[in-house]
Q: 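What follows is a single structure, and I will ask about it in a moment.
Letters go in sequence order (proteins before strands), and every chain restarts at 1. Both backbone and side-chain heavy atoms feed into the values below; hydrogens, waters and symmetry mates do not.
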Protein chains: 2
Amino acid sequence: MILRIYRYKNGLEAFREFLIHNGMRVTPEREAILEEVFAEHEHFDVEGLIMRLRQKGKRSSRASVYRTLALLVESSLVQEVFYKDGHMHYEHIYGHEHHCHLRCLGCNKTIAILDEALADVIEGLGMEYNFEVISGRLEIFGFCPNCRDKNQ
Amino acid sequence: MILRIYRYKNGLEAFREFLIHNGMRVTPEREAILEEVFAEHEHFDVEGLIMRLRQKGKRSSRASVYRTLALLVESSLVQEVFYKDGHMHYEHIYGHEHHCHLRCLGCNKTIAILDEALADVIEGLGMEYNFEVISGRLEIFGFCPNCRDKNQ
DNA sequence: TTTGATATTGAGACTAAATATCATATAAGG
DNA sequence: CCTTATATGATATTTAGTCTCAATATCAAA
Ligand SMILES: [Mn+2]
Ligand SMILES: [Mn+2]
Ligand SMILES: [Zn+2]
Ligand SMILES: [Zn+2]
């Protein structure tokens, strides 16, 4: 079962509601992980998340990080962004606009872009197919100005 | 190094050019894998690809399938679509329009959609950021009409 | 506040996707 | 043809992610 998130003011409240609504318990481990996930505003992976939790002395085992991250994805507070270097990368999305990633196939640089037109397309497709849209992600692959020149 | 694919008539020719241009060899294994990848017009994963190659008596080891698939992704004939059930899923994209996937968070059903407006957004962002666009993918997550009703 | 049913945690075992290794085979240019 | 650098395939290895289960903590109901 999944929470409609747009009623809540912040991620912690939304997550609490999601847990309770689904008969799960609010634990310090889950709250610590959530907090750390929302403290990081860039893409992150599980190893990095675990490191940051350790550094800050927050408790939670590797297993709990994986388990909680799955809940955060299920509740649409977090989304998988891309799979790279043998593991998944994530970002928190609660309260953020749909946005787009431009990735260079040459140098692997990634730019995040907010685009009005993209939001419209997503909304339009949601309407057309009668979907209740929770999140969307667009990835564009190509060559950045630099790599484009090198490649002549 | 990456090939500009739009000059070529078909995937096989484009792949040959990519290989030769990068000092690699055209082998029956690589051609068999390419052929099978382009014979499948739905999303596929590595296990399925290996099975279909075996069934058709085409040679190529598991290792070669992984290695060749990496080359096909590098040459932008194929793209990673999503990571699910513990492994990556792919689709061939050479000669196809940019398209969109609508995925239901309730029942996991995925619909592929061609959308004019999406192509425009991708092209527009390419122009704006001076990117040479090779491919793009949009994934929209939400609830399909069915699951939307069930969720009240 | 205490209790008890039940969900959660954590350490480590386990699984399987993906990669690395390396001896053998083969493409392709001379 | 040869030659040689590249590719293949069998299999060992790595490691992201999951599973297990005893110990612990939550939380609702006494
Ligand atoms: Mn943020
Ligand atoms: Mn096709
Ligand atoms: Zn670049
Ligand atoms: Zn559905």
Q: Does A:T27 put a side-chain nitrogen or oxygen below 4.0 Å from OP1 or OP2 of C:dT9?
A: yes

Q: Strictly below 4.0 Å: does A:S61 bring a side-chain N or O up to OP1 or OP2 of C:dT9?
A: no

Q: Would one find a side-chain N or O of B:R25 under 4.0 angstrom from OP1 or OP2 of C:dT26?
A: no

Q: Between C:dA18, D:dT26, D:dG17, spot the one nearest the side chain of A:H87, thanks.
A: D:dG17

Q: Can you check the B:R54 CZ to D:dA10 C1' distance for me, whole Å?
A: 12 Å

Q: Rounded to the Å, how far apart are A:M24 CE and C:dT8 P?
A: 7 Å

Q: Nearest to the side chain of A:V46, heavy atoms from C-beta on, is which of D:dG17, D:dT8, C:dT9?
A: D:dG17

Q: With respect to the phosphate group of D:dG17, does any side-chain polar atom (N or O) of A:Y66 fall under 4.0 Å of OP1 or OP2?
A: yes

Q: Centres of the B:H43 and B:F82 rings: under 6.0 Å?
A: yes

Q: Using the closest heavy atom to pick a nucleotide of DNA chain D for each, name whichever of B:Y83 or B:G23 lands nearer the 5' end.
A: B:G23

Q: If the test is side-chain contact (heavy atoms from CB on, under 4.5 Å), which one of A:V78, A:I33, A:T27 qualifies with A:T68?
A: A:I33

Q: Starting at CG of B:L69 and ending at P of D:dA7, how long is that distance when rounded to a whole Å?
A: 16 Å

Q: Please give, in whole Å, the distance from D:dA7 P to B:F15 CZ?
A: 10 Å

Q: Look at the side-chain N and O atoms of A:R30 and state whether any lies under 4.0 Å from the OP1 or OP2 oxygen of C:dT8.
A: yes

Q: Given atom CD of B:E47 and atom C1' of C:dA18, what is their separation to the nearest angstrom?
A: 11 Å

Q: Taking the nucleotide of DNA chain C with the closest heavy atom to each, which residue, A:R62 or B:P28, is nearer the 5' end?
A: A:R62

Q: Could you tell me how far apart B:L53 (CG) and D:dT8 (C1') are, to the nearest whole angstrom?
A: 14 Å

Q: Tell me: CZ of B:R59 to C1' of C:dT24, nearest whole Å?
A: 13 Å

Q: Whole angstroms only, please: what is the CG-P distance between B:D45 and C:dA17?
A: 9 Å

Q: Is B:L114 reachable from B:L102 through a run of I, L, V, M, F, W or Y residues, each pair having side-chain heavy atoms under 4.5 Å apart?
A: no

Q: If you only use heavy atoms from C-beta on, which nucleotide in C:dG10, D:dG9, C:dA27 is closest to the side chain of A:S60?
A: C:dG10

Q: Salt bridge check, A:E47 against A:R62: does any charged N sit closer than 4.0 Å to a carboxylate O?
A: yes

Q: Is any N or O donor-acceptor pair between the side chain of A:R67 and the base of C:dG10 shorter than 3.5 Å?
A: yes

Q: Closest approach of B:S76 and A:L105, non-hydrogen atoms and distance?
A: OG-CD1, 3.8 Å

